[in-house]
Amino acid sequence: DTNAKISIDQAPSNPALEDYDVSLLKVMFLIRYISDVLKPNVDNLATLCVDQIDVDKLVLKRKVQESLARLENQRLVSRNGDLWYFLTNEERDVAREIGHVEVSASEKSRLLCELLFDDILDQQAKVRHRDTKADYEINRLLDGAPWKNANHELTLEILSPLGDDYERLNDAQCILRSSEGNGKALIRLSEGNRFDIELSLYQQIEKYIDSPKASNASASLKSILINRKDENRERRTRLRDQLSTLMVTGDCYALGQKQQFKLSTPSSLLDELVNYLISNTYTKLPYLKF
């Protein structure tokens, strides 16, 4: 494979790499086309790199992880979740071009809204109050910005690690923020590992695939883009799953009070939180007859 040989031959002269990185690169090439049989994760790569019978596996895994980070920085390998893949010369060029695609904060915010409000919460813009059986519409905000229609009395705001105020929004600040307006609830997401990186990469790949260059691609480039599109489908699923976890492990606030909920799904969290918001905003509801 000439494209692969070029990447391996040029690696030793790269000052950003170490000798061990070149050896690992060769190992990754050897298993490149059997990734369905042998998953290229850190554990398996470390096993393939065992050079002594009594080697410390934890130390070896750290060494492999450090090497993978250097190889990724040089666009010689790519990461998809916890799997790592050797890149040919042409794939490396594509990866470099994708890395140069600019993604604005507003584009990331829009994608995050789609994942949260459309995918995870299934476009739910109203919640049924359990006691009165009436439906109440809610405003949906992400980091202070409204998503779609936002002219209702009740508000649910989600605070994400991408927000400018996320770091300073401690319990006291969130309690204060949830007391604003007529009826407001907050969900402050937990911090996620590599979340911003994965979100940005998803957008970069989507924009690159939709670019004029990609539409006029050669057969080999089209094959690479198909693979990147498949990776992005998996990446979107991972982002959705990670966001769901960040929601249920995050902190909840409503009407100037911190709430303690132990719920396993975002939909049940939304239902519980907004039901609390309705009951404690419209305190005379029990007087009404339905």
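Hydrogens, waters and symmetry mates are skipped; everything else that's a heavy atom, side chains included, is used.
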Check: Y282 ring centroid to Y136 ring centroid under 6.0 Å: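 Under 6.0 Å, so yes.
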Quick test of your reading of the model: are [X] and [Y] salt-bridged, counting only N-O distances below 4.0 Å?
X: D93; Y: R96; value: yes
X: R79; Y: E72; value: no
X: R75; Y: E91; value: no
X: R62; Y: E66; value: no
X: E157; Y: R140; value: no
X: R236; Y: D119; value: yes
X: D118; Y: K148; value: yes
X: R128; Y: D271; value: no
X: R92; Y: E97; value: no
X: R168; Y: D165; value: yes

Within 45° cone of Y166 ring axis and under 6.0 Å: R188 NZ or CZ: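 Judged by the rule, R188 and Y166 form a cation-pi pair.
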Aromatic Y20 / basic K63 pairing, under 6.0 angstrom, 45° off normal: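 Flagged: K63 positioned over aromatic ring of Y20.
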Find out whether [X] and [Y] are in side-chain contact, i.e. whether some heavy atom of one side chain is under 4.5 Å from a heavy atom of the other.
X: K184; Y: T281; result: no
X: C174; Y: D251; result: no
X: L221; Y: V94; result: yes
X: L225; Y: Y208; result: yes
X: L17; Y: L76; result: yes
X: L141; Y: W147; result: no
X: I98; Y: R228; result: yes
X: L142; Y: S109; result: yes

Which atom of S35 lies closest to which atom of P40, heavy atoms considered: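 Shortest heavy-atom contact: CB-CD, 3.9 Å.
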For the backbone of [Y] and the side chain of [X], can you confirm whether one donor and one acceptor N or O come within less than 3.5 Å of each other?
X: Q203; Y: E107; value: yes
X: T245; Y: D241; value: yes
X: N139; Y: N151; value: yes
X: N275; Y: R130; value: yes

Sequence neighbours excluded - salt bridge (Lys or Arg N to Asp or Glu O under 4.0 Å) pairs with any residue from residues 42-58: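 Every salt bridge (Lys or Arg N to Asp or Glu O under 4.0 Å) pair that includes a residue of residues 42-58, provided the two are not neighbours, is D43-K61.
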Heavy-atom count check: over 12 atoms from other residues, nucleotides or ligands less than 6.0 Å from [X] [atom1]?
X: D164; atom1: CG; result: no
X: E180; atom1: CD; result: yes
X: N149; atom1: CG; result: yes

Result of checking L45, L48, N44, V27 against V64 for side-chain contact (heavy atoms from CB on, under 4.5 Å):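 The passing option is L45.
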